[in-house]
Amino acid sequence: MEEMSRRSLLELEALMKKKLLAAGLPEAAASETAAHLTFADACGIHSHGAVRMDYYAERLVKGGITLEPNMSFEKKGAATGIFHGDNGMGHYVCNEAMAIAIHLAKEAGIAAVGIEQTSHSGTMAYYVKQAAEADLVAIAMCQSDPMAVPFGGTENYFGTNPIAFAAPRANHPPVVFDMATTVQAWGKILDARSKKQQIPDTWAVDEHGLPTTDPNAVQGLLPIAGAKGYGLMMMVDILAGSMLGLAFGKQVTSMYADLTEKRRLGQFLLVIDPSRFTNTETFKQSIDQMVTELHAIPPVEGQSQVYYPGEISQIHFEKAQQEGVMIPKEIIDYLESETLHFDRYGSQDSFAK
């Protein structure tokens, strides 16, 4: 088992920001990216936190991310537009786009914003939570490189293509739900590797298409709920790829093959002002009531209670604010070192063998 090290959220964020600055990322982008990655670790989504830093640093140094992107928003209608990211740091690009989507939704009642030409942008929960904190409802989704076998197939075609949803509550933090359309995100495999742990045999298949428990043998991820997850994968690629005139399916650029190449990824944001449909306070109270009623349902044997979707991440987040987070010591040692990156991700397949 990998040795772990506890760090406060402020300490972890500062370490990651320092490394990003050293890799050439400007102050604003480094600050936003470090805050996003810290949020992911705090929520227990370690697959999208500090474990990614070596990869990001390597791609930044090798030119695969635009350090100072020329970002712009092209309004296409009263409630629609495209945010041009110029292949900047995805966390920074998509955060800027969400700020515009929130403003547009407040103004028009709804906002549909496509983000084109971005890089890997972390956990979708981070973006939709901001909208919910502004009393809005939000859905976000993004495409990724082909890592999942289609239902009934033997070769990878779609990516993990995550979807997130958030809604505000009256007296509590918002409901935030974030999921890959595969049984698990690729980052969960990466996290298992870093901790030298096995994975359940329902997550992925090896080179022979057979279930595997070895995270280093993974050659294809499985869609959630079979054909249903497969359909969601396709929906995400259409909305965040085809509809923006971007690559889709097998044509989406690899995360690892050429770290000098810009990824040109797409993301889609849908933000809705519930006040255009009902009274906002009544709406928020109804979400509180829904959660209360879910909590009141008797749990099955072995479970302490019924949680609402995404609640466990919120519990982790609140705990981490007080106690900090446990991070593999190998990652902390890297963040505290003068090494920019270990030059180990380039020229590899989607699974960074």
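Hydrogens, waters and symmetry mates play no part in the numbers below; they use all other heavy atoms, side chains included. Since the model is a prediction, treat every value here as computed from it, not as a measurement.
- Residues Phe151, Tyr157, Phe158, Tyr230, Met233, Ile238, Phe248 make up the rest of the hydrophobic cluster containing Met234, defined by ILVMFWY side-chain heavy atoms closer than 4.5 Å, directly or through other members.
- Using modelled atom types and a 3.5 Å distance limit, the side chains of Ser31 and Lys17 yield a donor-acceptor pair.
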Exercise for the section: I would like to know whether Asp135 and Lys106 meet salt bridge (charged side-chain N to carboxylate O under 4.0 Å, His left out); could you show each step before the answer? Expected result: CA-CA 10 Å; Asp135 282 349; Lys106 290 282 190 181; 5.5 Å; no
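- Remark: Glu155 engages Lys250 in a side-chain contact (heavy atoms from CB on, under 4.5 Å) (not counting sequence neighbours).
- Listed by first and then second residue, the ring-ring contact (aromatic ring centres under 6.0 Å, His included) pairs that reach into residues 282-321 are Phe39-Phe317, sequence neighbours excluded.
- Electrostatic pairing of Asp288 and Lys284 does not count as a salt bridge here, judged by no charged N lying under 4.0 Å from a carboxylate O.
- For Ala35, the side-chain contact (heavy atoms from CB on, under 4.5 Å) partners two or more places apart in sequence, or in a different chain, are Glu13, Tyr126.
- Each salt bridge (Lys or Arg N to Asp or Glu O under 4.0 Å) pair with one or both residues in residues 265-280, not counting sequence neighbours, appears once here: Asp273-Arg276.
- Ring orientation note: the planes of Phe342 and Tyr334 are tilted relative to one another, at an angle of 30° to 60°.
- Within 6.0 Å of CD in Glu68 there are 12 or fewer heavy atoms belonging to other residues, nucleotides or ligands.
- Scored by the side-chain contact (heavy atoms from CB on, under 4.5 Å) test, Val51 finds Leu190, Ser194, Ile331 as partners (sequence neighbours excluded).
- Applying the ring-ring contact (aromatic ring centres under 6.0 Å, His included) test to His46 and every residue at least two apart in sequence or in another chain returns nothing.
- Hydrophobic side-chain contacts under 4.5 Å tie Val61 into a cluster, directly or through other members, with Leu340.
- Taking a cutoff of 4.0 Å between a charged side-chain nitrogen and a carboxylate oxygen, Lys18 and Glu11 do not qualify as a salt bridge.
- Through side-chain heavy atoms spaced under 4.5 Å, either directly or across other Ile, Leu, Val, Met, Phe, Trp or Tyr residues, Val128 is tied to Val176.
- Contact check on Arg7 versus Glu336 returns a salt bridge, with a Lys/Arg side-chain nitrogen under 4.0 Å from an Asp/Glu carboxylate oxygen.
- Scanning for side-chain contact (heavy atoms from CB on, under 4.5 Å) contacts around Leu222 gives Val149, Val183, Val205, with sequence neighbours left out.
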When the side chains of residues 77-90 are checked against the rest of the protein, which donor-acceptor pairs come out under 3.5 Å, sequence neighbours left out?
from: Thr80; atom 1: OG1; to: Gly77; atom 2: N; distance (Å): 3.2
from: His84; atom 1: ND1; to: Glu116; atom 2: OE2; distance (Å): 2.4
from: His84; atom 1: NE2; to: Glu74; atom 2: OE1; distance (Å): 2.8
from: Asp86; atom 1: OD2; to: Asn70; atom 2: N; distance (Å): 2.8
from: Asn87; atom 1: OD1; to: Arg264; atom 2: N; distance (Å): 2.9
from: Asn87; atom 1: ND2; to: Gln117; atom 2: OE1; distance (Å): 3.0

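- Hydrophobic cluster membership of Leu244, counting Ile, Leu, Val, Met, Phe, Trp and Tyr whose side-chain heavy atoms lie under 4.5 Å apart directly or via other members: Leu246.
- Looking at Thr160 and Ser144, their side chains do bring a donor and an acceptor atom within 3.5 Å of each other.
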